[in-house]
Amino acid sequence: MLERIVVKWDPPFVLELEDKIAKRGYFGKGEEIILTDFSKRLKRELEKYFKGRPTDFRWVSIEYPSKFERILKEVRKIPFGKTVTYGDLAERLETSPRVVGAALRMNKVPVIIPCHRVVAKRGLGGYSYGVEIKRKLLSLEI
DNA sequence: TTTTACTGGTCTG
DNA sequence: CAGACCAGTAAAA
């Protein structure tokens, strides 16, 4: 059974889960469907996050895209308020910056996998959901 | 300062 | 299958 958490923000953040696994997230409208204590807890954490309080989502299990799991797991280690460059991650994982970008593009659960904390060496870098949202998420974490 | 090569996937025809 | 398209960067031109 699908559950959907909606957190008030501008734009609203929507996260869908199934059996305690985060499957998809996006920014926009959505009807809220919450059933389990697990998703209630997760919603409270998300509300805390969007108020700008330091929060950690490493306890949440995620359905990763087929490839790139290795890269996305590394991204999850980036703490609240800190940023890393595509190049740094590429070096650490022995791949190329383009590939890191490709991996982040496949991220289905923004915020839970904090891909907005990965920036270009000079400048902000891209963001699937729009760079304005990336900027806003980063400004939350100052 | 602009162009090129490198990279490893996904998406489309 | 082949070719186009990327959330980047260093090095050559």
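Computed from a predicted model, the values in this text were never measured in an experiment. Chain A is the first sequence line, chain B the second, and so forth, proteins listed ahead of strands; every chain is numbered from 1.
In this view, A/D88 and A/T85 satisfy the side-chain hydrogen bond (donor to acceptor under 3.5 Å, both in side chains) rule, not counting sequence neighbours. With sequence neighbours excluded, no residue satisfies side-chain hydrogen bond (donor to acceptor under 3.5 Å, both in side chains) with A/Y127.
Residue-level contact check: A/A120 touches the backbone only, with heavy atoms under 4.0 Å from sugar-phosphate atoms and none from bases.
Note on residues 90-115 of chain A: no pairs pass ring pair (Phe, Tyr, Trp, His ring centres under 6.0 Å), not counting sequence neighbours. Pairs of residues two or more places apart, or lying in two chains, never qualify as side-chain hydrogen bond (donor to acceptor under 3.5 Å, both in side chains) while including a residue from residues 94-104 of chain A. The ring pair (Phe, Tyr, Trp, His ring centres under 6.0 Å) analysis of residues 93-126 of chain A, with sequence neighbours excluded, yields no pairs. Applying the salt bridge (Lys or Arg N to Asp or Glu O under 4.0 Å) definition to pairs two or more places apart or across chains, those involving residues 127-137 of chain A are A/D10-A/K136, A/E132-A/R135.
For the P atoms, the distance linking C/dC1 with B/dT7 amounts to 23 Å, nearest Å. Comparing the same atom, P, in B/dT1 and in C/dA7 gives a spacing of 24 Å after rounding to whole Å.
Rounded to an integer number of Å, the gap from CZ of A/R122 to P of B/dT1 is 11 Å. Rounded to an integer number of Å, the gap from NZ of A/K67 to C1' of B/dG9 is 9 Å.
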In a table with atom names and distances, give each donor-acceptor pair under 3.5 Å that connects a side chain of residues 14-24 of chain A to protein atoms at least two apart or in another chain.
from: A/E16; atom 1: OE1; to: A/R24; atom 2: NE; distance (Å): 3.4
from: A/E16; atom 1: OE2; to: A/R4; atom 2: NE; distance (Å): 2.9
from: A/E16; atom 1: OE2; to: A/R4; atom 2: NH2; distance (Å): 3.4
from: A/K23; atom 1: NZ; to: A/E63; atom 2: OE2; distance (Å): 2.8

Subject >> Trace of the salt bridge (Lys or Arg N to Asp or Glu O under 4.0 Å) decision for A/E74 with A/R70 >> reply: CA-CA 7 Å; A/E74 193 67 26; A/R70 191 175 70 96; over 6 Å; no
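Checked by atom type and distance alone, the side chain of A/R105 never pairs as donor or acceptor with a backbone atom of A/G126 at under 3.5 Å.
For A/P97 against A/G87, the heavy-atom pair with the smallest separation is CG-CA, 4.2 Å. Between A/F80 and A/T55, the shortest heavy-atom distance links the atoms CD1-N, 3.6 Å.
For the atom pair CD1 of A/I33 and CD1 of A/I5, the computed distance is 11.5 Å after rounding to the nearest 0.5 Å.
In this structure, A/R58 places its CZ atom where more than 12 heavy-atom neighbours from other residues, nucleotides or ligands lie under 6.0 Å away.
Only A/G126, A/Y127, A/S128, listed by number, bring a heavy atom of residues 123-133 of chain A to less than 4.0 angstrom from any atom of DNA chain C. Contacts between residues 90-97 of chain A and DNA chain C, counted as heavy-atom distances below 4.0 Å, involve A/P97. Interface residues of residues 103-115 of chain A facing DNA chain C, ordered by number: A/L104, A/R105, A/C115; criterion, heavy-atom separation under 4.0 Å.
Using a 4.0 Å cutoff to heavy atoms of chain A, the contacted part of DNA chain C runs 5' to 3' from C/dC6 to C/dA10.
The aromatic rings of A/F50 and A/F27 sit perpendicular to each other, their planes meeting at more than 60°, with 30° as the lower class boundary.
Scanning DNA chain C for stems, defined as runs of 3 or more consecutive Watson-Crick or G-U wobble pairs whose donor-acceptor distances all fall under 3.5 Å, gives the following ranges: B:1-6 with C:8-13, B:8-13 with C:1-6.
Inter-residue side-chain proximity for A/L46 and A/I112 is flagged as met; some heavy-atom pair is nearer than 4.5 Å.
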